[in-house]
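Scroll down for the structure; my scribbles are underneath it.
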Protein chains: 2
Amino acid sequence: MLDEGYAAVTSRRVADRAGVNSGLVYYYFGTMDELFLAVFRRRAEWMLERQAEALASDQPLWALWTVTHDQANTALNLEFLALGNHRKAIMTEVANYSRRFRRQQLDALSGVLEGYGLDPQEWPPASVILLLSSVSRFLLMEDSYGLDLGHAETIEIVERLLCQLEGERAPARDRD
Amino acid sequence: MLDEGYAAVTSRRVADRAGVNSGLVYYYFGTMDELFLAVFRRRAEWMLERQAEALASDQPLWALWTVTHDQANTALNLEFLALGNHRKAIMTEVANYSRRFRRQQLDALSGVLEGYGLDPQEWPPASVILLLSSVSRFLLMEDSYGLDLGHAETIEIVERLLCQLEGERAPARDRD
DNA sequence: GTCTATACCGAGATAGAC
DNA sequence: GTCTATCTCGGTATAGAC
């Protein structure tokens with residue numbers, strides 16, 4: 001899916017990769033759509049856990065920034081989004097999980113941001129999260145086709161703001 | 001392409017829609033990839049012109065914000081991006097045009113932003129453009145699957161900043 | 001549960017009549 | 001230039017042996 005796009009994911013190739021016959025795909029999943037949904041749900045659940053861990057750190061903003069800034073996730077999400085564009089069931093699932101991600105971020109950060117002295121009137125937590133997420137995703141998207149004009153400076157700006165709010169980023173323990 | 005995704009665009013269906021035989025697609029374009037490239041290039045050229053007009057206005061930031069905030073473009077771009085993900089020629093063309101778009105924005109806005117009193121050290125023009133573009137795109141992407149949590153507040157923030165830099169948005173003449 | 005075999009469809013692409 | 005006809009391939013999905 002990452003290398004060749006969702007259209008390249010066929011029952012035959014999946015079965016080949018798994019070392020079984022293509023009939024088994026239908027035995028276990030029913031249709032290809034169900035297979036895509038199963039993959040999506042497993043990934044999404046795993047990412048929700050990862051995000052929950054990140055948000056539970058003592059520097060939740062830095063952690064969110066780090067966890068969002070993950071190339072593989074962005075590329076795959078894009079693929080699922082494009083897939084959802086013309087498969088209703090998948091679109092619905094993408095929407096549901098997106099809401100859960102956003103909710104989780106909001107629940108974890110609303111109090112924290114106020115604690116940092118941010119006026120929720122002027123800088124609503126939902127907006128701070130949205131701004132952080134969108135910059136991160138957009139840069140990664142551009143990276144994917146080799147466009148990085150202005151990226152370094154922009155990352156610097158974001159991280160400067162994070163520093164002001166949350167202090168220096170603590171040294172990573174197991175971040176790549 | 002918008003309704004059903006790029007995979008649904010086949011030589012037969014294109015020919016049907018045009019009221020001709022599918023062989024003609026190959027007569028005129030050679031391969032389906034060439035057809036996609038032709039569509040992409042024509043659209044991109046048109047959008048470059050639209051962007052140039054926007055940037056030439058007396059409120060170029062507002063104009064850029066408006067022109068970027070266009071649903072149809074975002075959805076189609078996503079589709080081409082996904083298509084490019086596994087067709088090298090298309091990926092290359094997406095990259096080239098993205099660079100031209102960014103260049104055009106930079107050339108038009110660098111001076112303007114400095115004129116607004118923005119310190120280019122603290123707020124490099126490339127970053128301001130990147131921030132504006134990424135928020136706009138991200139919100140539209142979320143809109144496409146019905147997620148709008150925090151959107152209104154975020155748009156308000158962006159437009160508040162635009163106001164500070166460029167004054168009230170002038171009443172539209174022929175915006176949508 | 002896993003396989004082989006196969007039905008069926010529609011894709012990309014080409015040949016050749018007109 | 002436009003058509004019909006057709007080749008070849010690979011997709012989804014199912015039936016039925018083991």
Side-chain angles (χ1 to χ4, degrees), chain A residues 1-45 72 75-97 145, chain B residues 1-45 72 75-97 145:
Chain A
M1 207 164 166
L2 270 174
D3 293 345
E4 306 179 44
Y6 65 81
V9 179
T10 68
S11 51
R12 290 206 234 269
R13 293 184 71 180
V14 168
D16 275 2
R17 195 69 78 90
V20 297
N21 184 272
S22 72
L24 276 196
V25 172
Y26 299 99
Y27 179 74
Y28 281 106
F29 294 95
T31 65
M32 284 303 289
D33 269 29
E34 287 298 322
L35 177 98
F36 278 117
L37 282 175
V39 170
F40 180 76
R41 288 197 191 103
R42 192 170 69 172
R43 262 178 49 83
E45 290 294 341
L76 254 185
N77 282 342
L78 199 79
E79 212 63 42
F80 275 112
L81 213 61
L83 184 59
N85 236 2
H86 59 287
R87 312 263 193 121
K88 213 185 142 216
I90 289 169
M91 166 75 91
T92 307
E93 206 67 359
V94 169
N96 286 340
Y97 271 100
Y145 48 85
Chain B
M1 206 165 168
L2 271 174
D3 293 345
E4 305 179 44
Y6 64 81
V9 179
T10 68
S11 50
R12 294 204 230 271
R13 292 183 71 181
V14 168
D16 275 2
R17 195 71 76 91
V20 297
N21 184 273
S22 72
L24 276 197
V25 172
Y26 300 99
Y27 178 75
Y28 281 106
F29 293 95
T31 66
M32 282 304 287
D33 269 30
E34 288 298 322
L35 175 85
F36 279 117
L37 282 174
V39 171
F40 180 76
R41 287 197 192 104
R42 193 171 67 170
R43 260 179 50 83
E45 290 295 343
L76 254 184
N77 282 341
L78 198 78
E79 212 61 42
F80 274 113
L81 214 61
L83 184 59
N85 235 4
H86 59 287
R87 312 264 192 118
K88 215 184 139 216
I90 289 168
M91 166 77 90
T92 307
E93 206 67 358
V94 170
N96 286 340
Y97 271 100
Y145 48 86

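Residue numbering restarts at 1 for every chain, and letters A, B, ... go by the order of the sequence lines. Side-chain atoms are counted along with the backbone in the values below, which use heavy atoms only and exclude waters and symmetry mates.
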Exercise. Salt bridge (charged side-chain N to carboxylate O under 4.0 Å, His left out) with R43(A): which residues, sequence neighbours excluded?
Worked result: none
For this session: Scan residues 4-29 of chain B for pairs that pass ring-ring contact (aromatic ring centres under 6.0 Å, His included), counting only residues two or more places apart or in two chains.
Result: Y6(A)-Y6(B), Y6(B)-H86(B)
For this session: Measure the distance from CG on D16(B) to C1' on dT2(D) and round it to the nearest whole Å.
Result: 15 Å
Seminar exercise, completed: Whether each nucleotide of nucleotides 4-18 of chain C has a protein heavy atom under 4.0 Å at its base (B), only at its sugar-phosphate (S) or at neither (-) is summarised, 5' to 3', as B------BBBB----
Exercise. Taking only residues two or more places apart in sequence, or in another chain, which ones meet A18(A) in a side chain to side chain contact (heavy atoms under 4.5 Å, CB included)?
Worked result: V20(A)
Problem set entry | Sequence-distant partners of R12(B), side-chain hydrogen bond (donor to acceptor under 3.5 Å, both in side chains), two or more places apart | none
For this session: With heavy atoms under 4.0 Å as the rule, sort Y28(A) into base, sugar-phosphate or nothing.
Result: sugar-phosphate
Exercise. Just checking V20(B): base, sugar-phosphate only, or nothing, at a heavy-atom cut-off of under 4.0 Å?
Worked result: sugar-phosphate
For this session: Return the set of residues passing side-chain hydrogen bond (donor to acceptor under 3.5 Å, both in side chains) with E34(B) (not counting sequence neighbours), or none when no residue passes.
Result: none
